[in-house]
Structures are given as structure tokens and as C-alpha cells.
Amino acid sequence: MRWLGAFFAAVILPLLLSEFTEWCPWLAERLVRRAATRLPEEARARWEEEWLADLNAWEGRKLSILVRGLWIFLRAPSWGRVLQGLPSFSQELRGRIKAFVRRSREQQTRPPEPTEPAPPSEPDRHPQDPQLEALRRYVSQLDTGRESAQRERERQREQEHQREQERQHERDDERERQLAALRRYMLDLDIRRESAQRDSDGSRLESEETRWSFKKVVAKMGSLLSARDEPKGNTRLAVKAPKRERSFSIPERSFSIPESAATPVTAEPFRVPPYVRYLGEQNSDSD
Amino acid sequence: MAPQPRLTWAILKVFKVLLDDPAAKHYGLEIGRAAGLPSGSIYPLLMRLEQAELLVSQWEDVDPKAVGRPRRRLYQLTGQGAEVGRQALAEAKRDLAPTWGRTPGFPLPGEAPT
């Protein structure tokens, strides 16, 4: 196996390399002829002959001739675009990148425009007719003015709508304030009504107490009058109402009874009620 | 009139080679070698200059069998090409000349006053 490897490295590989290098000019010529087919048809013959002449004049090793043919083969499409007056691939790619960057910058800086329906396509007119050109300019000016007026109307309508919304908000706020004031007023009225009711209840109680106390005063006064006997002159009595639990006071009243109206009574000891006497008798009997 | 090509550094080199002897005729590989351009990059320059009518080309007037090689395509500057080339080289020389250490209005020896 080692001998086979050594034989391959020493004999077969140099033979293959020399054979390949011998084939290089032929391969380069085939590549150049193939590259010429990638050019425009009217320039193929001329450039094929020119490239073959330059390959023949190329001073170098045969492998470099193959590299040169390969280079021509690879670059031929780009040179074909040059012959057609078109920009090369790199220039076109550069232009596309620049256009993309410009468009993206414009989209970032430009405010969004309202989408409008596309205008109907106009029929083709003769571009060099001055009257038609003037008419076209006039129509375009009219369109521009109409669009600007419509835009202005839309803007005014939007502003009016905003103002109307603001007024509505203000009316709502005012209504809320009025409702709050009404609620406060009703609460105040309730409080006053309750306090008034409490006051009226208190006064009613006071009047009842007054009536009750007045009855007691009259009764007391009657008992006092019945207990005193002053035959000479007017009898003056000072009646003072007892103190109440609810700090209700009756002012002192003074009155006089004429002597003629005074009833002559005799002072009697305290009369024991009959049922007390009865009870005493029953108790004594039981004893 | 055909559109003028963009005056790149490689085209200036080609002009310089061709303006050494404007009446001489050179083939493409020779021009590329003299200009020091990479092999293969001379062809698009020649195409652009020829489209702009700054160069004219014609086949070599030899018999391929007699000389034992294919005939070559020879290029030569036109009158307009020579003028454009000179202007381009002068502008490049003026633009690329150092400006430091020079006083305006006082040209260096051999330089035209500006």
C-alpha cells in the first residue's frame, strides 16, 4: 500500500498536473468563448476575438491563463450591462440601497397623510399642445385648490367637534355641581326639619308639663288657702312652684284675693281617709 | 453626444497612458499593464470610453496566419478624448496638489498663476 502511494505521488500526480496545465489554455479559450455568449449579440464576435488575442498575448504560466479566462467568464455579464448602457450590478445594488434608505428616512420624517382614493386615470394627451398644457395646469390648480379647501373644511369641522365636546364637558360639570349643591341643600333641609321636629316635641312636652304643674300649683294653692284663715285684710300668698327634673321653671306669680271673696273656713286637723280608718279597725280586731 | 463616463481613478490612469502618445495605438492588455490596472478590469473602461466617443478602436491590420497569433483590437484617443483627458488630469493634479505651505497668489515655479 505504501508503495502504491509512493508510486501515485511520484509518477501519477505529476503526470496529471502536467496534463492539466496543458489543458489550461484550451479550457481558458472555451471559457472565453462561453463568456462571449453572455454579451449582447452584436458585440459577441468582436469581444471574443479581442479576448482571445489578449489571452494569447498573456505572458504567464498556463494556470494563470486559466485564471484569466475564468475571470473573463465570471465578469462577462457585468460587462454586457456596460455595453448595453445599463449600470453594473454593484451600481444598481448601491442605488437600490440608497433609494431604500431615502424612502425609509422620508417615511420616518413625513407625517402620515390621509389616505385618499386614487384619482381616475386621465386620458393621454398630446404633451406639446400649449393649450392642452395650459388647461391641464389650470385643472391641476383647481384640483389643488379644491383639495386644500376640502382639507380646510375637514380641519374646521374637526375643531368645531372638539369645541362642542369641550362645551358638553363643561355643561356636564356644571350639572354635577348643581346636583351636588341640591343634595347639600336637601341634606340641610332634612337636618333642619329633624331639629324643628325635635324642638316641637320638646315644646309639646313642656306645655304638657306646664299644664300638669299648673294643676298641681292650683291644687297646692287650694290646700294652702283651705289651711289658712286670716280674717283681717287681704291675704297674700306666695306660691312657688317646685323644681322640675327637666329644669323647667315657672316664674313667681303674685295675686291678691279680696277679703269679701275669702271664704271663712276653720282649720281642721288632717282628716284621715275612711279606708285608713277601716283598715285600722280591721287590724285592731284581728289583734 | 454620448454621455460622459464618470472620471474614476482607473480612467485617469488610462488617459495618462494614452496621452503619453495620443497618436499611438494600443491594445487592451497593453493599456491595462501600462496603467497598472488588475487584469480584466480594463475592458469595461475601454467599453465606456468607446461608448462616450473618447476612444476609437480598430482591428490590427495583420494576417493572423502570417504572424501566428490572433489579430488585436487597437485603441486610439479621439480629439475630444484627448481634450477631456487633459482637462481631467489637470483637474486631478490641481485637486490633489498639497495646499499647505502655499501662499495664495504666489504660484510655485512652473505653475500657472491662479
Side-chain angles (χ1 to χ4, degrees), chain A residues 24-26 28-36 38-92 94-95 98, chain B residues 1-11 13-15 17-18 24-76 81:
Chain A
C24 279
W26 181 83
E29 184 183 338
R30 299 298 298 176
L31 283 172
V32 166
R33 290 185 190 278
R34 186 71 180 170
R38 307 172 88 172
L39 297 179
E41 193 169 0
E42 63 273 8
R44 283 178 189 170
R46 175 237 164 132
W47 285 101
E48 179 184 339
E49 191 173 357
E50 185 173 351
W51 289 337
L52 287 175
D54 285 348
L55 267 185
N56 187 267
W58 183 257
E59 295 172 356
R61 294 184 179 275
K62 294 177 180 177
L63 198 60
S64 65
I65 294 175
L66 178 63
V67 171
R68 184 172 176 79
L70 189 62
W71 174 256
I72 291 173
F73 175 76
L74 293 175
R75 296 292 298 169
S78 175
W79 298 343
R81 292 175 67 86
V82 173
L83 287 173
Q84 289 174 341
L86 301 173
S88 63
F89 291 123
S90 60
Q91 288 176 347
E92 189 174 353
R94 203 180 307 136
K98 284 182 179 176
Chain B
M1 183 177 175
Q4 296 295 316
R6 198 159 50 95
L7 294 176
T8 61
W9 187 245
I11 284 185
K13 285 183 174 179
V14 172
F15 272 132
V17 170
L18 294 176
K25 298 177 181 176
H26 307 275
Y27 61 98
L29 187 64
E30 184 183 10
I31 296 172
R33 278 178 181 163
L37 297 174
S39 62
S41 62
I42 186 65
Y43 299 116
L45 303 179
L46 296 176
M47 290 172 184
R48 290 196 184 99
L49 291 173
E50 196 172 5
Q51 282 179 343
E53 300 174 357
L54 302 178
L55 284 181
V56 290
S57 64
Q58 60 183 5
W59 288 112
E60 192 181 16
D61 191 13
V62 294
D63 185 10
K65 291 180 181 176
V67 295
R69 57 174 175 81
R71 57 180 183 168
R72 293 167 178 165
R73 191 79 177 178
L74 301 177
Y75 294 90
Q76 186 182 16

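Values reported hereafter were calculated over all heavy atoms of this structure, with side chains retained and with hydrogens, waters and symmetry mates removed. It should be emphasised that the depicted structure is a prediction, and the values quoted were computed from it without experimental measurement. Order of the sequence lines sets the chain letters (A, B, ...), proteins ahead of strands, with each chain counted from 1.
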K.L.:
With only heavy atoms counted, which part of A/Trp58 is less than 4.5 Å from chain B, the side chain, the backbone, both or neither?
P.N.:
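Its backbone and side chain both get close to chain B.
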K.L.:
Regarding B/Arg71 and the six-membered ring of B/Tyr27, is the cationic atom NZ or CZ under 6.0 Å from the ring centre and inside 45° of its axis?
P.N.:
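That pair does not qualify as a cation-pi contact.
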K.L.:
I'd like to verify something: which residue of B/Glu50, B/Glu60, B/Arg69 has the highest number of heavy-atom pairs under 4.5 Å with chain A?
P.N.:
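Heavy-atom pairs under 4.5 Å are most numerous for B/Glu50.
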K.L.:
Is a side-chain donor or acceptor of A/Arg44 paired with a backbone partner of A/Leu39 at a separation under 3.5 angstrom?
P.N.:
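Judged by distance alone, yes, a pair lies under 3.5 Å.
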K.L.:
Between B/Gln51 and A/Val82, is there a donor-acceptor pair closer than 3.5 Å when you use the side chain of the first and the backbone of the second?
P.N.:
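At least one qualifying donor-acceptor pair exists.
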K.L.:
Chain B heavy atoms under 4.5 Å from A/Asp54: which part of the residue, side chain, backbone, both or neither?
P.N.:
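The answer is both parts of A/Asp54.
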K.L.:
Check for a donor-acceptor pair, side chain of A/Ser64 on one end and backbone N or O of A/Arg61 on the other, with a separation under 3.5 Å.
P.N.:
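Yes, because the side chain of A/Ser64 sits within donor-acceptor range (under 3.5 Å) of the backbone of A/Arg61.
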K.L.:
Give a yes or no on this: more than 12 heavy atoms of other residues, nucleotides or ligands lie within 6.0 Å of atom CG of B/Asp63.
P.N.:
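Counting other residues, nucleotides and ligands, CG of B/Asp63 exceeds 12 neighbours.
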K.L.:
Considering only heavy atoms, which portion of A/Trp71 lies under 4.5 Å from any heavy atom of chain B: side chain, backbone, both, or neither?
P.N.:
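Side chain only.
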K.L.:
Considering only heavy atoms, which portion of A/Arg75 lies under 4.5 Å from any heavy atom of chain B: side chain, backbone, both, or neither?
P.N.:
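Looking at A/Arg75, nothing touches chain B.
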